[in-house]
**Q** 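Before anything else, here's the structure in question.
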Amino acid sequence: MKMKLQKSELCRILPVLGKVVSQRSQAAVYRSVRIKGADRRLRFSAMDGMEQVTLTLPATGDGAFDTVVDFADLRDALKGGRTGELMLQSTENGSGTWIRTRDQVVNSHLLYR
């Protein structure tokens, strides 16, 4: 299952997600971004225990997946480098997801089903 989106689109919403993410929390769910893909859309959600924000971006490709990636890892992967497309790909059995840029790969683990 693969979906693609423009890096610039994700960079545009990253500051909004960063305002909600609690980067110093010991609970992984509060310092992570949930990415849910379906119907040619990617939904990015973050929460801090009190607030939750969900933003939707258009994507190309097919398939569906639900994964969580650490906000700091996602932010670092998007810093600098080239612009272009990001590819989100999950394994057939749903045991892992990768976010690929031209320069870097971010692995994530499925925390939600």
Side-chain angles (χ1 to χ4, degrees):
M1 293 167 254
K2 293 182 191 176
M3 296 187 88
K4 295 180 182 180
L5 76 150
Q6 291 298 313
K7 179 181 173 183
S8 60
E9 290 293 313
L10 183 52
C11 288
R12 186 176 55 83
I13 68 166
L14 207 61
V16 176
L17 296 170
K19 288 181 181 181
V20 177
V21 169
S22 177
Q23 296 180 47
R24 295 189 178 137
S25 175
Q26 292 186 12
V29 70
Y30 295 143
R31 61 177 191 267
S32 301
V33 175
R34 181 179 184 185
I35 306 170
K36 191 171 185 176
D39 301 324
R40 296 184 183 228
R41 287 181 283 166
L42 289 167
R43 300 180 79 170
F44 296 84
S45 300
M47 65 178 155
D48 67 359
M50 299 286 286
E51 297 178 296
Q52 178 177 351
V53 64
T54 300
L55 303 166
T56 304
L57 294 177
T60 59
D62 57 355
F65 58 89
D66 192 0
T67 190
V68 174
V69 65
D70 186 83
F71 177 79
D73 291 343
L74 181 61
R75 181 193 61 219
D76 291 347
L78 297 176
K79 278 185 182 175
R82 303 175 193 144
T83 58
E85 285 187 334
L86 295 176
M87 180 174 63
L88 288 83
Q89 181 177 359
S90 64
T91 58
E92 291 292 324
N93 64 2
S95 63
T97 301
W98 296 270
I99 301 169
R100 299 176 191 268
T101 67
R102 289 184 186 174
D103 305 319
Q104 193 170 357
V105 175
V106 176
N107 290 322
S108 63
H109 301 282
L110 296 175
L111 299 181
Y112 300 97
R113 281 281 192 200

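Bear in mind that the values here come from a model prediction, so they are computed numbers and not experimental data.
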**Q** A side-chain contact here means heavy atoms from C-beta on lying under 4.5 Å apart; do Val20 and Val16 qualify?
**A**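 Of all side-chain heavy-atom pairs linking Val16 with Val20, none is under 4.5 Å.
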
**Q** Evaluate the side-chain contact (heavy atoms from CB on, under 4.5 Å) criterion for residues Leu57 and Phe44: first the C-alpha distance (whole Å), next the side-chain angles of each, then the deciding distance (0.1 Å), finally the verdict.
**A** CA-CA 8 Å; Leu57 294 177; Phe44 296 84; 3.8 Å; yes

**Q** Does the side chain of Leu42 reach to within under 4.5 Å of the side chain of Ile35, using non-hydrogen atoms?
**A**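 Leu42 vs Ile35: side chains touch.
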
**Q** Rounded at 0.5 Å granularity, tell me how far OG in Ser45 sits from CG in Asp66.
**A**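 Between atom OG of Ser45 and atom CG of Asp66 there are 9.0 Å.
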
**Q** Less than 4.5 Å apart, any side-chain heavy atom of Thr67 and any of Arg34?
**A**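 Not in contact.
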
**Q** What distance do Arg75 atom CZ and Cys11 atom SG have between them, rounded to the nearest 0.5 Å?
**A**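 With rounding to 0.5 Å, CZ (Arg75) is 12.0 Å from SG (Cys11).
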
**Q** Side chains of Pro58 and Arg40: closer than 4.5 Å at any heavy-atom pair?
**A**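 No, too far: nothing below the 4.5 Å cut-off.
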
**Q** Quick one: list whatever passes salt bridge (charged side-chain N to carboxylate O under 4.0 Å, His left out) with Arg31, sequence neighbours left out.
**A**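 Listed in chain order: Asp70.
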
**Q** Quick one: CD on Glu85 to OG1 on Thr60, what's the gap to the nearest 0.5 Å?
**A**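 Interatomic distance, Glu85 CD to Thr60 OG1, rounded to 0.5 Å: 5.5 Å.
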
**Q** Rounded to the nearest 0.5 Å, what separation is found between the CG atom of Leu74 and the CG atom of Leu17?
**A**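 It is 8.0 Å, given to the nearest 0.5 Å.
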
**Q** Return the set of residues passing salt bridge (charged side-chain N to carboxylate O under 4.0 Å, His left out) with Arg12 (not counting sequence neighbours), or none when no residue passes.
**A**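 In terms of salt bridge (charged side-chain N to carboxylate O under 4.0 Å, His left out), with neighbours along the sequence ignored, Arg12 is linked to Glu9.
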
**Q** Provide the full list of salt bridge (Lys or Arg N to Asp or Glu O under 4.0 Å) pairs with a residue in residues 51-60, sequence neighbours left out, each pair given once.
**A**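 Not a single pair qualifies under salt bridge (Lys or Arg N to Asp or Glu O under 4.0 Å).
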
